[in-house]
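For clarity, every value in this text was computed on a predicted model and none was experimentally measured. Letters A, B, ... mirror the listed sequences (proteins, then strands); counts begin at 1.
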2 protein chains.
Amino acid sequence: MSQHRHPGAPGSAGAVPALPDLPEATVARLPEYLRALHNLADTGHETVSSEGLATAAGVNSAKLRKDLSHLGSYGTRGVGYDVALLIEQIESVLGLTQRRAVALVGVGNLGHALAGYDGFASRGFRIAALFDADPGRVGEEINGLVVRHVDELPRVAAEESIAIGVIATPASAAQRVADQLVEVGVTSILNFAPCVLSVPEGVDVRKVDLAIELQILSFHEHRKASLTALPATGGSALTALPGGLAATDSQEAIGT
Amino acid sequence: MSQHRHPGAPGSAGAVPALPDLPEATVARLPEYLRALHNLADTGHETVSSEGLATAAGVNSAKLRKDLSHLGSYGTRGVGYDVALLIEQIESVLGLTQRRAVALVGVGNLGHALAGYDGFASRGFRIAALFDADPGRVGEEINGLVVRHVDELPRVAAEESIAIGVIATPASAAQRVADQLVEVGVTSILNFAPCVLSVPEGVDVRKVDLAIELQILSFHEHRKASLTALPATGGSALTALPGGLAATDSQEAIGT
DNA sequence: AGGCGCTTGTGAAGACGTGCACAAATCGCG
DNA sequence: CGCGATTTGTGCACGTCTTCACAAGCGCCT
């Protein structure tokens, strides 16, 4: 990712709570911890051990401790972590104390679903505006929001102080939309279009490509299939776990 | 990810083309190369250099060459790679020579969109069946497919020989659905529900969580905002790239 | 007060992934 | 045929991430 280097700068010790330049891999896992913590809080837990939280988040406990240690020491030895405090800390680090405004461009099949997805609202974001280039779609109301023409982006972006842009257009339109988003000052983009976006330095792009995920699964499926053809060491393919489900760490972050 | 170890096994040199146990990071990038290659093929290119393909795929050319070298030597020095041949090789490695059948469970907001997403069909997959637990949704027709009750999964899975399951249910239902998928023999799952799935060894799970992606972007947004508060070294925050867009490698894989 | 069990935080080692830089190979041209 | 231009494939060094293992710290019970 882009290489912002936070230079020593020990002078600015003030309101800003350090910003300790977390490893990217850690950042990618924090949201998962946060989700698990909210679950724990909802079920009445006040504290949780690294082991417990790690299991809930699907990672190794050593990794979790190291991740959290980067934020500072918010655990108590012999006891664990205070759930409420940890939630607060992680939300603070992720910048979720303010509810960021999201603009969604492209209200087709996928965009429609995203516009109606309540997981955004419940996890710190506010879909502030919907755009499409197709005049036939402009004016349509989705989930209480009216679809505007993409040309209105500059005006609306300023009014709503958009922080993040989501691109759910066809690939052919994505670069143009990205340019427009950058133009109006958006520096974070989530791209669902299957193409590479070219953006200026300082703008972060994350990409989600559903077909790619399936193709990665296909590879493993393919490999597993070719393995069963082997004589192999142990028993047959499905020794089927005794009790049924065994905890595995096969759950892997999609990011990084 | 799960630790299948391909043991030496030099005996089985037959129809199977080696299966060279690729690094996971490489596997995650192959689909991106494949997409770029198809673009190139469609625009009439017969060969492409590592530099050209790398740019099209948004990666470093050295990385691309190393990735491709893991598949074997399919390039010609001084010339580049044969586009058609490389497509063939990558599709073969990813197991895309057969069109895999996908079962989609959960036809809510997101599931609806996924069912209608044509990117699946065009990239090697066939949505073979739709399921939902809500009787109110059963019978609905989406994109030519009728939604069935999830209890019919065993029968349909056998009929259609489902290879991959996609979970687009609420988090509360996801584990149950995963269990059912595993039960009928599915060993690859793409999970859109915001929760950790527990599955037996040998089953691969990939997770896509839209809110997590936004939260990661939020972190960087937060950090960028706190950086502008610094006096800093050079000029002001936005020296704004001269021409406008500069190629960056900030495009980062969402996987791995 | 003291000791015991539990849990965090972290040093160190190893695995993994990345990128440079260059030798080896191929093509085209004179 | 030989030479130079071009591009691949890869050895090597570096940085990042993961995992182990354990000392340090905390609370509770006697």
Side-chain angles (χ1 to χ4, degrees), chain A residues 1-3 5 20-30 32-33 37 45-83 85-86 89 248-256, chain B residues 1-3 5 20-30 32-33 37 40 45-83 85-86 89 247-256:
Chain A
M1 178 157 283
S2 27
Q3 54 281 29
R5 196 57 34 195
D21 225 347
L22 305 175
E24 190 57 32
T26 295
V27 173
R29 282 187 295 264
L30 287 181
E32 194 72 45
Y33 302 157
L37 284 165
H45 296 70
E46 303 225 328
T47 64
V48 64
S49 69
S50 66
E51 191 64 40
L53 182 52
T55 303
V59 302
N60 176 310
S61 72
K63 183 151 52 179
L64 178 128
R65 284 200 299 278
K66 183 144 289 186
D67 282 343
L68 294 187
S69 78
H70 286 122
L71 317 185
S73 266
Y74 294 108
T76 308
R77 296 174 192 226
V79 178
Y81 299 91
D82 181 291
V83 173
L85 176 62
L86 199 49
Q89 287 304 323
T248 64
D249 55 346
S250 76
Q251 207 90 211
E252 75 186 12
I254 231 105
T256 309
Chain B
M1 178 157 283
S2 27
Q3 52 280 26
R5 196 54 36 192
D21 224 348
L22 306 175
E24 191 56 33
T26 296
V27 173
R29 282 187 294 264
L30 287 182
E32 193 72 46
Y33 301 156
L37 283 165
L40 289 167
H45 297 72
E46 303 225 330
T47 64
V48 64
S49 69
S50 65
E51 191 64 39
L53 182 53
T55 303
V59 303
N60 174 310
S61 71
K63 184 150 51 180
L64 179 129
R65 285 199 299 276
K66 186 150 291 190
D67 282 343
L68 293 187
S69 77
H70 287 121
L71 316 186
S73 265
Y74 295 108
T76 309
R77 297 178 191 224
V79 178
Y81 298 91
D82 182 291
V83 173
L85 175 62
L86 199 48
Q89 286 304 323
T248 64
D249 54 349
S250 74
Q251 207 92 210
E252 76 186 13
I254 231 103
T256 313

Legend entry - Pairwise side-chain contact, B:Leu53 with B:Leu37, heavy-atom cut-off 4.5 Å (strictly under): yes

Inset, instruction - State which of C:dG17, D:dT18, D:dC17 makes the closest approach to the side chain of B:Glu24. - result: C:dG17

Legend entry - Residue pairs passing the salt bridge (charged side-chain N to carboxylate O under 4.0 Å, His left out) test where at least one lies in residues 53-70 of chain B, sequence neighbours excluded: B:Arg29-B:Asp67

Legend entry - Distance in angstrom units between A:Arg29 CZ and D:dT16 P, rounded: 15 Å

Legend entry - Nearest-Å distance for atom pair CG/P, residues A:Asp21 and D:dG15: 16 Å

Legend entry - Length of the OH-P vector between A:Tyr74 and D:dG25, whole Å: 19 Å

Inset, instruction - For residues A:Ser50 and A:Ser61, report the shortest heavy-atom separation together with the two atoms involved. - result: O-CB, 4.0 Å

Inset, instruction - Check whether any side-chain heavy atom of B:Leu30 sits under 4.5 Å from a side-chain heavy atom of B:Leu22, and report yes or no. - result: yes

Inset, instruction - Grab the CD-C1' distance between A:Gln89 and C:dG9 for me, whole Å please. - result: 16 Å

Legend entry - Protein-to-nucleotide contact annotation, 5' to 3' order, nucleotides 20-29 of chain C [B base; S sugar-phosphate only; - none; under 4.0 Å, heavy atom]: BB--BBBS--

Legend entry - Phosphate OP1/OP2 of C:dT7 contacted by A:Ser49 side-chain N/O (<4.0 Å): no

Inset, instruction - Output the distance between atom OH (B:Tyr81) and atom OG (B:Ser73), rounded to the nearest 0.5 Å. - result: 8.0 Å

Legend entry - Nearest-Å distance for atom pair CG/C1', residues A:Asp82 and D:dG27: 16 Å

Legend entry - Counterpart residues, side chain to side chain contact (heavy atoms under 4.5 Å, CB included), relative to A:Ser49 (two or more places apart): A:Glu51

Legend entry - C:dG9 OP1/OP2 closer than 4.0 Å to side-chain N/O of A:Tyr81: yes

Legend entry - d(NZ, A:Lys63; P, C:dC16) in whole Å: 13 Å

Legend entry - For atom CG of B:Leu68 and atom P of C:dG19, their distance in whole Å: 15 Å

Inset, instruction - Specify the separation, in whole Å, of atom CG of B:Leu64 and atom C1' of C:dG19. - result: 13 Å

Legend entry - Phosphate contact (D:dG9 OP1 or OP2) by B:Ser73 side-chain N/O below 4.0 Å: yes

Inset, instruction - Please tell me if the side chains of A:Tyr33 and A:Leu64 come closer than 4.5 Å, counting only heavy atoms from C-beta onward. - result: yes

